[in-house]
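Since we're looking at a predicted model, the values are computed, not measured.
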Amino acid sequence: NNAKAAIDAIKTDAELTAEELLAAKNTAKAELGVYVNSSNYRTEEQGLLASAIADGKNAIDSATNISAVNAALANAKAAIDGIKTDAELTAEELATAKTNAKAELDSYANANDYRADQQALLASAIANGKVAIDGAADISAVSAALANAKAVIDKIKTNAQLTAEELIAAKAAAKTTLESYKNSAD
């Protein structure tokens with residue numbers, strides 16, 4: 001009787017395989033559960049993350065052998081890796097803001113509206129603005145750098161402004177000259 005009990009206590013290959021598979025599934029699901037920290041994701045991405053983890057755990061549970069468990073875990077991790085973190089999204093948004101700000105700066109003033117000396121000042125203001133935009137650490141700093149560059153550009157006089165000033169000065173000079181020809185005896 002003891003011999004039969006001892007033989008019955010020995011697990012069959014199928015029983016051992018089933019235990020190993022269950023252990024592999026539990027280990028894979030536990031690993032998936034701690035693969036990333038959901039607090040590193042924005043609300044919308046947290047929902048995607050939860051779905052990817054749930055789908056991964058379901059695929060792991062459906063696996064019929066250890067290699068399928070490993071494949072399901074790898075696929076779930078790949079799906080999770082495709083979800084962008086808050087830091088990744090913030091970096092993309094900052095890069096987009098910088099690109100847009102530099103494009104806006106490029107189109108803010110038409111160099112043909114300026115004289116040669118002012119065109120050089122304009123080119124310098126645009127170049128300096130782009131350096132400031134590139135150095136911005138966040139979107140509000142990008143906006144500030146763009147606004148500062150525009151303010152510098154706005155101070156550079158266009159050909160039309162300079163011509164108007166020259167006309168006013170010429171009229172004043174002509175008026176002064178004419179008044180000096182007046183004879184005090186007249």
Side-chain angles (χ1 to χ4, degrees), residues 28-63 69-172:
K29 289 189 289 186
E31 184 178 335
L32 191 58
V34 296
Y35 183 59
V36 294
N37 183 346
S38 65
S39 67
N40 292 335
Y41 295 81
R42 294 181 182 174
T43 304
E44 183 178 332
E45 285 69 28
Q46 286 176 357
L48 297 172
L49 182 63
S51 292
I53 291 171
D55 291 348
K57 287 181 177 182
N58 288 336
I60 289 168
D61 280 334
S62 298
V69 169
N70 293 335
L73 177 61
N75 290 340
K77 285 182 175 181
I80 290 169
D81 290 343
I83 301 169
K84 294 182 180 174
T85 64
D86 180 44
E88 290 169 324
L89 291 169
T90 299
E92 286 179 3
E93 291 161 354
L94 179 58
T96 298
K98 287 180 178 184
T99 298
N100 292 342
K102 289 188 284 188
E104 186 174 336
L105 193 56
D106 278 332
S107 64
Y108 185 65
N110 183 348
N112 294 329
D113 293 342
Y114 296 84
R115 294 180 184 173
D117 289 345
Q118 287 69 31
Q119 284 178 354
L121 294 173
L122 178 65
S124 176
I126 292 171
N128 292 339
K130 287 181 177 182
V131 168
I133 289 167
D134 280 333
D138 57 38
I139 292 175
S140 64
V142 170
S143 297
L146 176 61
N148 291 339
K150 285 180 173 182
V152 170
I153 291 170
D154 289 343
K155 291 178 184 173
I156 301 170
K157 294 185 179 180
T158 64
N159 181 46
Q161 290 169 319
L162 291 170
T163 300
E165 288 177 2
E166 291 163 353
L167 180 60
I168 291 169
K171 286 180 178 181

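For the atom pair I133 CD1 and T99 OG1, the distance stands at 10.0 Å (nearest 0.5 Å). The distance from atom CG of D55 to atom CD1 of I60, rounded to the nearest 0.5 Å, is 11.0 Å. Note that NZ of K84 is 12.0 Å distant from OG1 of T90, once rounded to the nearest 0.5 Å. Between atom CG of residue L121 and atom CD1 of residue I126 there is a gap of 11.0 Å, rounded to the nearest 0.5 Å. Atom-to-atom distance recorded for I156:CD1 and Q119:CD is 10.5 Å, nearest 0.5 angstrom. Once rounded to the nearest 0.5 Å, the distance linking CD of E93 with CG of N100 reads 12.0 Å.
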Between I168 and E165, is a side-chain contact (heavy atoms from CB on, under 4.5 Å) present by the stated rule, with each step listed?
-> CA-CA 5 Å; I168 291 169; E165 288 177 2; 5.8 Å; no

List the steps and the verdict of side-chain contact (heavy atoms from CB on, under 4.5 Å) for I153 and Y114.
-> CA-CA 11 Å; I153 291 170; Y114 296 84; 4.2 Å; yes

How far apart are the C-alpha atoms of N40 and D86, what are their side-chain angles, what is the distance that settles it, and do they pass the side-chain contact (heavy atoms from CB on, under 4.5 Å) test?
-> CA-CA 6 Å; N40 292 335; D86 180 44; over 6 Å; no

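Among the candidates L146, V152, N148, the single residue satisfying the side chain to side chain contact (heavy atoms under 4.5 Å, CB included) test with K150 is L146. Shown are L89, L48, I83; of these, the side chain to side chain contact (heavy atoms under 4.5 Å, CB included) with Y41 is made only by I83.
Counting all heavy atoms, side chain and backbone alike, A101 lies closest to V142 at CB-CG1, 3.6 Å. For the pair A52 and A76, the tightest heavy-atom approach, listed with the atom from each and the gap, is O-CB, 4.5 Å. In this structure, A125 and A149 approach most closely via the heavy-atom pair O-CB, 4.4 Å. The two residues L122 and A109 make their nearest non-hydrogen contact at CD1-CB, 3.8 Å. Between I139 and A97 the shortest heavy-atom distance is CG1-CB, 4.0 Å. Heavy atoms only, all atoms of each residue included: A141 and D138 are closest at N-OD1, 2.8 Å.
Around CD of E44, the count of heavy atoms belonging to other residues, nucleotides or ligands within 6.0 Å does not exceed 12. Within a 6.0 Å sphere centred on NZ of K157, other residues, nucleotides and ligands contribute 12 heavy atoms or fewer.
T96 places a side-chain N or O within donor-acceptor distance of the main-chain N or O of E92, the cut-off being under 3.5 Å. Using a distance-only test at 3.5 Å, with no hydrogens or angles considered, a donor-acceptor pair links the side chain of K98 to the main chain of A136. For the pair Q46 (side chain) and S38 (backbone), a donor-acceptor distance under 3.5 Å is present.
I80 has its side chain out of reach of K77: every pair of non-hydrogen atoms, C-beta onward, lies at least 4.5 Å apart. Residues Q118 and N159 have side chains not in contact (no heavy-atom distance under 4.5 Å, counting atoms from C-beta outward).
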